[in-house]
*Asks:* 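Just dropping this structure here.
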Protein chains: 2
Amino acid sequence: MPETPRRADRPSAPRYGNRPTMKDVAARAGVGLKTVSRVVNGEPGVTPETERRVQEAIEALGFRRNDSARVLRKGRTASIGLVLEDLADPFYGPLSRAVEEVARAHGALLINGSSAEDPDREQELALALCARRVDGLVIIPAGDDHRYLEPEIKAGVATVFVDRPAGGIDADCVLSDNFGGARQGVAHLVAHGHRRIGFIGDMPRIHTASERLRGYRTAMEDAGIAVEDAWMSLGATDPARVRRAAEEMLSGPSPVTAVFTGNNRVTVTVIRVLAEQSRPVALVAFDDLELADLLQPGVTVVAQDAAALGRTAADRLFRQLDGALLLPERIELPTRLIARGSGELPPAD
Amino acid sequence: MPETPRRADRPSAPRYGNRPTMKDVAARAGVGLKTVSRVVNGEPGVTPETERRVQEAIEALGFRRNDSARVLRKGRTASIGLVLEDLADPFYGPLSRAVEEVARAHGALLINGSSAEDPDREQELALALCARRVDGLVIIPAGDDHRYLEPEIKAGVATVFVDRPAGGIDADCVLSDNFGGARQGVAHLVAHGHRRIGFIGDMPRIHTASERLRGYRTAMEDAGIAVEDAWMSLGATDPARVRRAAEEMLSGPSPVTAVFTGNNRVTVTVIRVLAEQSRPVALVAFDDLELADLLQPGVTVVAQDAAALGRTAADRLFRQLDGALLLPERIELPTRLIARGSGELPPAD
DNA sequence: CCCGCATCTGACAACGTTGTCCAGGCTCTA
DNA sequence: TAGAGCCTGGACAACGTTGTCAGATGCGGG
């Protein structure tokens with residue numbers, strides 16, 4: 001007997017902790033497998049009586065369709081990935097939520113991951129999402145080389161970059177007008193009589209940071225002011241470094257009378273430092289803050305609309321997925337200067 | 001000729017926009033399918049030379065393993081779901097990030113969704129996540145009946161509730177000491193001489209809201225103070241309602257001299273209202289706020305540790321997944337009173 | 001009474017991966 | 001030099017679903 005038939009041995013795979021499958025439902029309802037599939041997916045061609053029996057069996061067994069298998073068969077996962085810097089940052093919460101809402105409107109779920117501003121981690125995350133076959137990716141880049149995504153994009157993964165542009169590849173991106181916003185903010189200080197204006201921002205390798213610095217420089221140039229090196233500080237946004245930077249430019253040989261801060265994390269530290277100064281120092285900040293209007297004085301900000309960034313990017317993503325063959329585009333959203341007091345303080349020498 | 005063999009017709013399935021599969025890699029490398037699998041998964045039993053050839057083919061084709069298929073075969077998705085109320089709320093950002101970090105440490109990805117405080121949407125989301133066969137669920141409940149999860153939990157989906165307990169089922173939950181925190185906060189106001197103290201909170205059907213109200217009532221009772229109905233207001237947290245509530249209790253026949261606010265959204269509105277009052281009104285708030293220390297006066301808060309909530313819950317989740325047979329437990333995390341000025345103002349009648 | 005048609009149902013293969021098992025080649029020893 | 005044992009590689013089935021297609025059933029008309 002060389003070939004005993006044997007059947008139910010070989011307990012190779014896991015069966016998901018014994019979840020019922022369509023086969024089980026079919027057996028219980030006394031119908032074929034495909035009929036169950038039809039009922040579950042609301043396809044036509046099933047008599048009401050049969051449908052009832054199937055529904056009953058589904059109910060009784062607590063069946064829930066396995067989307068993994070479905071995905072494997074259909075090729076679309078109805079999920080998109082979002083790679084951002086840090087979900088805990090108040091700037092990214094609303095952005096993420098906006099992306100989620102658009103995804104939801106298209107019946108998709110959102111998988112997100114934080115890169116912690118680490119390019120390697122960004123890549124690891126993005127590729128892990130691709131391995132899960134997300135339909136699309138929204139990426140807030142940490143690194144500046146995204147050629148690793150080329151095969152993925154070629155394979156059909158819709159991709160949109162937000163907040164910062166992609167590096168090394170041609171892709172959609174949705175940005176705030178960082179340059180223009182910073183320029184306007186600094187010009188606002190100039191208009192209120194300041195000439196010695198400091199700039200404290202994030203690491204220069206970050207696109208938004210360098211753009212805002214460029215806006216600062218341009219505004220100063222526009223005003224015919226020669227910028228001193230000591231007035232500019234770019235680097236990590238941890239409180240210790242920012243504090244040191246602020247204190248230095250406030251106490252140097254030609255101390256600044258106003259400060260422009262390059263993002264919300266820098267701002268909160270600078271506000272603390274300014275509160276300790278004996279003389280009033282003007283402040284305009286990039287990014288709005290909750291409660292900014294209730295401080296004394298209120299904080300004048302250049303606000304960007306995080307939710308709009310997310311919404312625009314996600315819209316664009318789904319337009320790609322709907323098959324519209326679009327050329328990569330760079331969409332820039334305007335910023336808004338909100339005067340609340342701190343930016344209108346006159347210079348105090 | 002009844003059975004023409006035919007092969008490459010029947011273009012039924014999608015092939016993921018023509019992504020290479022292991023089969024393609026195998027063909028190109030001139031090896032068997034399983035050998036590619038071994039290389040991709042770092043399994044032993046492949047000569048360095050063969051491995052090199054396979055790696056080369058992978059590189060050349062831009063192959064990336066399809067995790068959907070892998071999941072189908074292995075039964076674990078290495079992903080967990082997080083259902084929360086609103087990612088854009090500064091309380092949930094850090095919580096979500098903490099869950100993500102724990103997941104990452106276990107090699108899992110995080111899928112999250114916002115329920116917008118809608119029980120139906122919570123259920124829809126949670127079940128969609130189950131259909132994707134997430135290994136576990138972390139849920140911040142919007143509803144108070146979670147029996148719909150029973151079949152899922154029985155089928156092996158690890159589940160932990162956070163911030164609010166589950167309803168109708170016995171499951172792990174991780175909570176802040178809402179009662180104790182509120183009680184301590186109100187007692188703090190009493191200790192500074194207040195007797196007419198108001199409470200403004202969220203809708204009473206939300207567990208945290210009712211617990212905090214209970215803390216308020218108990219603290220008042222402890223102090224032997226009879227609470228008037230006009231001093232308590234529970235309802236939606238939109239600014240309009242909160243403003244009205246605050247203004248009413250500040251102007252009634254026995255106006256309050258201090259207010260205890262039940263969550264961060266309420267707090268920001270109340271701060272605005274109090275800033276408009278001619279007399280100083282004391283304030284203690286549940287939940288910490290960025291910049292709370294920089295307001296005049298600084299806002300005294302009962303702080304809960306959102307990140308710790310998330311971390312604890314996720315840890316517990318993965319302990320369940322590691323197979324430890326645990327009895328459902330209720331873990332309560334302490335709150336911390338941070339005095340900054342607003343809670344230490346004396347009563348001004 | 002039988003045929004054709006429409007309607008409903010089910011068998012089967014395929015999606016891309018991994019677990020099992022066996023075949024073949026090699027080395028090492030007696 | 002033959003045999004035992006190890007190592008490498010590959011054929012095959014299975015995971016749970018859906019697309020294709022053909023079979024079954026019932027009905028009306030010729």
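Order of the sequence lines sets the chain letters (A, B, ...), proteins ahead of strands, with each chain counted from 1.
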*Asks:* Between D:dT17 atom P and A:I58 atom CD1, what is the distance in whole Å?
*Replies:*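 Going from A:I58 (CD1) to D:dT17 (P), I get 10 Å.
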*Asks:* Would you tell me if any nitrogen or oxygen in the side chain of A:R65 comes within less than 4.0 Å of OP1 or OP2 on D:dT18?
*Replies:*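 Yes, such a contact exists.
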*Asks:* Between A:N41 and A:R70, do the side chains contain a donor N or O and an acceptor N or O under 3.5 Å apart?
*Replies:*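 Side chains of A:R70 and A:N41: pair found under 3.5 Å.
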*Asks:* Over how many whole Å does the gap from A:K23 atom NZ to C:dT9 atom C1' extend?
*Replies:*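 Answer to the nearest Å: 18 Å.
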*Asks:* Please tell me if B:R73 has a side-chain N or O lying less than 4.0 Å from either OP1 or OP2 of D:dA14.
*Replies:*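 No, no such contact exists.
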*Asks:* Kindly check if the number of other-residue, nucleotide or ligand heavy atoms within 6.0 Å of CG (B:D145) is above 12?
*Replies:*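 Above 12, so yes.
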*Asks:* Using a strict 4.0 Å threshold on nitrogen-to-oxygen distance, state whether B:E152 and A:R64 make a salt bridge.
*Replies:*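 Yes, charged N to carboxylate O under 4.0 Å.
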*Asks:* Going by number, which of residues 38-57 of chain B have a non-hydrogen atom under 4.0 Å from DNA chain D?
*Replies:*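 Within residues 38-57 of chain B, the residues near DNA chain D are B:R38, B:G45, B:V46, B:T47, B:T50.
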*Asks:* Does the pair A:S114 and B:E100 meet the rule for a side chain to side chain donor-acceptor pair (under 3.5 Å), with working shown?
*Replies:* CA-CA 8 Å; A:S114 302; B:E100 188 201 330; 2.7 Å; yes
*Asks:* In this structure, how many angstroms lie between the P atom of C:dG16 and the CZ atom of A:R70, rounded?
*Replies:*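 One finds 17 Å between P of C:dG16 and CZ of A:R70, rounded.
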*Asks:* Within this structure, what is the CG-to-P distance between B:N66 and D:dG16, rounded to whole angstrom?
*Replies:*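 Value for this atom pair: 17 Å.
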*Asks:* Atom CE of B:M22 and atom P of D:dG10: how far apart are they, to the nearest Å?
*Replies:*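 For the pair B:M22 CE and D:dG10 P, the rounded distance is 14 Å.
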*Asks:* Which parts of residues 25-35 of chain B get close to DNA chain D, meaning a heavy atom less than 4.0 angstrom away?
*Replies:*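 Under 4.0 Å from DNA chain D: B:V31, B:G32, B:K34, B:T35.
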*Asks:* Less than 4.0 angstrom from a charged side-chain N to a carboxylate O is my criterion; do B:R38 and B:E51 meet it?
*Replies:*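 Salt bridge absent between B:R38 and B:E51.
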*Asks:* Side-chain N or O of B:S37 less than 4.0 angstrom from OP1 or OP2 on C:dT17?
*Replies:*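 So the side chain of B:S37 is outside the cut-off, no N or O lying under 4.0 Å from OP1 or OP2 of C:dT17.
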*Asks:* Before accepting this row, confirm whether a basic side-chain N of the pair B:R97/A:D86 lies closer than 4.0 Å to the acidic partner's carboxylate O.
*Replies:*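 Yes, charged N to carboxylate O under 4.0 Å.
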*Asks:* Can you tell which of D:dT18, C:dG16, C:dT17 lies closest to the side chain of B:L72?
*Replies:*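 Within the option list, the nearest is C:dG16.
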*Asks:* One thing to verify: whether B:R28 and B:E59 come together as a salt bridge, which I'm taking to mean a side-chain N less than 4.0 angstrom from a carboxylate O.
*Replies:*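 No, no charged N to carboxylate O under 4.0 Å.
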*Asks:* Salt-bridge test for A:R53 and A:E49: reply yes if a basic N is under 4.0 Å from a carboxylate O, no otherwise.
*Replies:*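 Salt bridge between A:R53 and A:E49, a charged N being under 4.0 Å from a carboxylate O: yes.
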*Asks:* Report the relative orientation of the aromatic rings in A:F161 and A:H146; use parallel for angles under 30°, tilted for 30 to 60°, perpendicular for over 60°.
*Replies:*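 Ring orientation of A:F161 relative to A:H146: perpendicular.
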